[in-house]
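No hydrogens, no waters, no symmetry mates; every other heavy atom, side chains included, goes into these values. Chain letters run A, B, ... following the sequence lines, proteins first, then strands; residues in each count from 1.
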Protein chains: 2
Amino acid sequence: MSHVGYPCLMALDRDHVLRSAAALLTRKSTATMDEVAKAAGISRATLHRHFAGRDALVRALEALGIAECEAALAAARLDEGPAADAVHRLVREIEPAAGLLAFLYTENQLFEGEGQNQGWTRIDDRVAALFRRGQRSGEFRIDLTPAWLTEALYGLLASAAWAVSEGRVAPKDFTHMIVELLLGGARRREES
Amino acid sequence: MSHVGYPCLMALDRDHVLRSAAALLTRKSTATMDEVAKAAGISRATLHRHFAGRDALVRALEALGIAECEAALAAARLDEGPAADAVHRLVREIEPAAGLLAFLYTENQLFEGEGQNQGWTRIDDRVAALFRRGQRSGEFRIDLTPAWLTEALYGLLASAAWAVSEGRVAPKDFTHMIVELLLGGARRREES
DNA sequence: CCCACATGAGACATCTTTGTCTCACCATGG
DNA sequence: CCATGGTGAGACAAAGATGTCTCATGTGGG
C-alpha cells in the first residue's frame with residue numbers, strides 16, 4: 001500500500017480503466033471481465049483490485065455517466081438564453097459521454113431492481129425542466145410532453161453514438177444532427 | 001411426431017413462444033432460457049424442442065422482426081402520396097413490433113460477428129429511400145442525411161417503446177409522438 | 001543494496017447457464 | 001381399452017464467467 005498522503009497510481013489508473021471499460025462495453029455490452037481488463041491493458045487480477053466485481057464496475061460506470069451528465073448540464077447553463085440554444089449547448093457538452101450513455105441506457109439491469117439510481121431522476125428532471133421552459137416561453141410546441149422530449153433526446157444520443165461508431169454518419173455532424181432533428185424535425189421549414 | 005399433413009400444435013405454439021420471448025427479452029435482455037420458458041408457460045424441455053438453443057431463439061426472433069418490418073413496409077405503401085404521410089403510415093404499422101425492434105436494436109451481438117443479416121440492410125435501404133424521396137420532392141430538408149433519419153427513426157421507435165413500457169408516456173400517443181418529433185421537431189412551427 | 005508494493009500470470013473452486021437425457025404423466029385417437 | 005406422442009419435471013455433465021488465492025517479477029524509494 002502507498003502511504004496515505006502520497007499519490008497512488010491506482011487513482012489515476014482507475015479513471016483510465018473506467019474509460020476503457022466504457023468504450024469496450026459500448027461496443028460489446030456482454031464483454032467479460034477478462035476482455036475489459038485486456039482492453040484497459042491490465043490483468044484481470046489488477047482489474048479486480050480496482051473494482052470488486054462486475055457489479056461494482058457497472059455501478060462505477062453508472063456513477064461516471066451521471067457525473068458526466070451533471071457536468072454537461074452545468075456547463076450548458078440550461079437556464080440562460082433561449083431554450084433552443086440551451087439544448088444545443090447541452091448536446092454539445094454531452095457528446096463525449098454519448099457512447100457511455102448509450103451503454104447505460106441499454107443496461108436495463110440498472111433499473112430492473114427496485115428504484116433506479118436517484119441521480120438519473122434528477123438529471124431527467126433538469127432536462128425535462130428545460131423543455132418545459134421552452135414550452136412556456138413559446139419556443140417549443142406543447143403537444144409533445146417534456147417527458148417524451150427527454151426520452152427522445154436520450155434515444156437520439158444513443159442512436160447517433162451508435163451510428164457514428166458504425167461509420168454510418170460523420171462524427172463531426174453529431175451535434176448538428178441531433179439538435180436539428182430534435183428541434184426542427186425532418187420536414188422542411190417554411191421561412192419564418 | 002404428428003403424421004405429415006396433420007396440423008401440429010407445435011407450429012401454433014411456436015409463434016406464441018416467439019412472441020412471449022420477444023415481450024420478455026424486450027424488458028430483460030439477459031433473461032435465461034428458463035425464464036423465457038416460464039414466460040411462455042412451457043417447460044425448458046419444450047422450449048428446446050422448439051428452438052435448438054439460445055442462438056436459434058435469437059435468430060428466430062431476428063427473423064420475426066425482419067418479417068414484421070417488411071410487412072409494415074408493405075402495408076405502409078411507402079411509394080404512394082406525400083413522403084410525410086408515408087412515414088406516418090410506416091410508424092403506425094410498425095408500432096406493434098416496436099418492442100421487438102428495440103430488443104434487436106440493442107442486441108449488437110447480431111452485428112458483432114461478420115455481416116449483419118442481409119434482411120436489415122434491405123429494410124434500411126427502403127426506409128432511407130423514403131426519406132430520399134421526401135428530400136427530392138422538397139418535403140424534407142436536405143441537410144439531414146437519409147442514413148441519419150433512418151437511424152433516428154429506429155432510435156425513436158426504441159425510445160418510445162421503452163418509455164411506454166415504463167409508463168412514462170401514454171401508449172395511445174406512440175405514433176403521434178414519433179411522427180411529430182421526427183418530422184416536425186420540438187420547435188414551434190410558424191404557421192405556413 | 002534492500003525492502004515495500006503494485007502488477008501479471010495462473011491455479012482453483014464456485015456459480016450460473018446451457019444442452020441433453022430419462023422418465024412419468026396425460027390427452028387424444030383408434 | 002390401449003397405444004402414440006407431446007409435455008413437464010428433474011438429473012446430469014459441459015462450458016463459461018466469476019471471485020479468490022498464491023507466487024514470481026520488476027520497479028521505485030529509502
Side-chain angles (χ1 to χ4, degrees), chain A residues 1-62 103 106-110 112-113, chain B residues 1-62 103 106-110 112-113:
Chain A
M1 275 296 192
S2 299
H3 291 171
V4 177
Y6 279 82
C8 176
L9 281 178
M10 285 182 64
L12 296 170
D13 285 358
R14 186 187 158 98
D15 192 70
H16 166 247
V17 171
L18 220 38
R19 294 186 185 280
S20 301
L24 174 62
L25 290 173
T26 295
R27 296 193 306 273
K28 182 172 160 55
S29 61
T30 60
T32 67
M33 294 294 274
D34 210 49
E35 292 172 299
V36 171
K38 286 254 193 304
I42 61 177
S43 70
R44 198 160 66 93
T46 303
L47 178 59
H48 266 77
R49 288 185 187 106
H50 285 293
F51 306 99
R54 192 192 180 77
D55 276 2
L57 176 63
V58 175
R59 290 304 176 95
L61 247 16
E62 187 184 24
F103 162 67
T106 64
E107 195 77 353
N108 20 24
Q109 302 299 64
L110 298 174
E112 198 81 26
Chain B
M1 272 300 190
S2 298
H3 292 172
V4 176
Y6 280 81
C8 176
L9 281 179
M10 286 182 64
L12 296 172
D13 284 356
R14 185 187 158 98
D15 192 69
H16 166 248
V17 171
L18 221 36
R19 293 186 185 282
S20 301
L24 174 60
L25 290 172
T26 294
R27 297 192 305 274
K28 183 172 167 25
S29 60
T30 60
T32 67
M33 295 293 276
D34 210 46
E35 291 172 299
V36 171
K38 287 257 191 303
I42 61 176
S43 70
R44 197 161 66 94
T46 304
L47 178 58
H48 267 76
R49 288 184 187 107
H50 286 294
F51 305 99
R54 193 190 179 75
D55 276 1
L57 176 62
V58 175
R59 290 306 177 93
L61 246 17
E62 186 184 25
F103 161 67
T106 65
E107 194 78 352
N108 19 24
Q109 302 298 63
L110 298 175
E112 197 81 26

Is any N or O donor-acceptor pair between the side chain of A:R49 and the base of C:dG8 shorter than 3.5 Å?
yes
In whole angstrom, what separates B:F51's CZ from C:dT18's P?
15 Å
Residue A:A45, side-chain atoms from C-beta onward, closest of C:dA9, C:dT17, C:dG19:
C:dA9
Between A:V17 and A:I42, does the side chain to side chain contact (heavy atoms under 4.5 Å, CB included) criterion hold? Intermediate values first, please.
CA-CA 8 Å; A:V17 171; A:I42 61 177; 3.8 Å; yes
What is the separation between atom CE on B:M33 and atom P on C:dT20, rounded to the nearest whole Å?
10 Å
Would you indicate whether the side-chain heavy atoms of B:L25 and B:E107 approach each other to under 4.5 Å?
no
Contact between A:T46 and A:R49 at the side-chain level, heavy atoms closer than 4.5 Å - yes or no?
yes
Return whichever of A:L47 or A:R44 has its heavy-atom-nearest nucleotide of DNA chain C closer to the 5' end.
A:L47
Base, sugar-phosphate, or nothing: which does B:R54 touch, judged by heavy atoms less than 4.0 Å apart?
sugar-phosphate
Nearest whole Å is fine: how far is C:dT20 P from B:H48 NE2?
6 Å
What is the distance, to the nearest angstrom, from the CG atom on B:D55 to the C1' atom on D:dA15?
14 Å
When the distance from CG of A:D34 to P of D:dT20 is rounded to whole Å, what number comes out?
16 Å
Nearest-Å distance, NE2 (A:H50) to P (C:dA6)?
10 Å
Salt bridge flag under 4.0 Å for residues B:R59 and B:D55:
no
Considering only heavy side-chain atoms of A:D13, the closest of C:dT7, C:dT20, C:dG8 is C:dT7
Quick one: list whatever passes side chain to side chain donor-acceptor pair (under 3.5 Å) with A:R54, sequence neighbours left out.
none
Please determine if a side-chain N or O atom of B:T46 lies less than 4.0 Å away from the OP1 or OP2 oxygen of D:dG8.
yes
Pairwise 5' ranking along DNA chain D for A:T32 and A:A52, keeping only the more 5' one:
A:T32
Quick one: B:K38 NZ to C:dT17 P, roughly how many Å, whole number?
12 Å
Could you tell me the separation between the NZ atom of B:K28 and the P atom of C:dT17, rounded to a whole number of Å?
8 Å
Can you figure out which of C:dA9, D:dG19, D:dG8 approaches the side chain of A:S43 most closely?
C:dA9
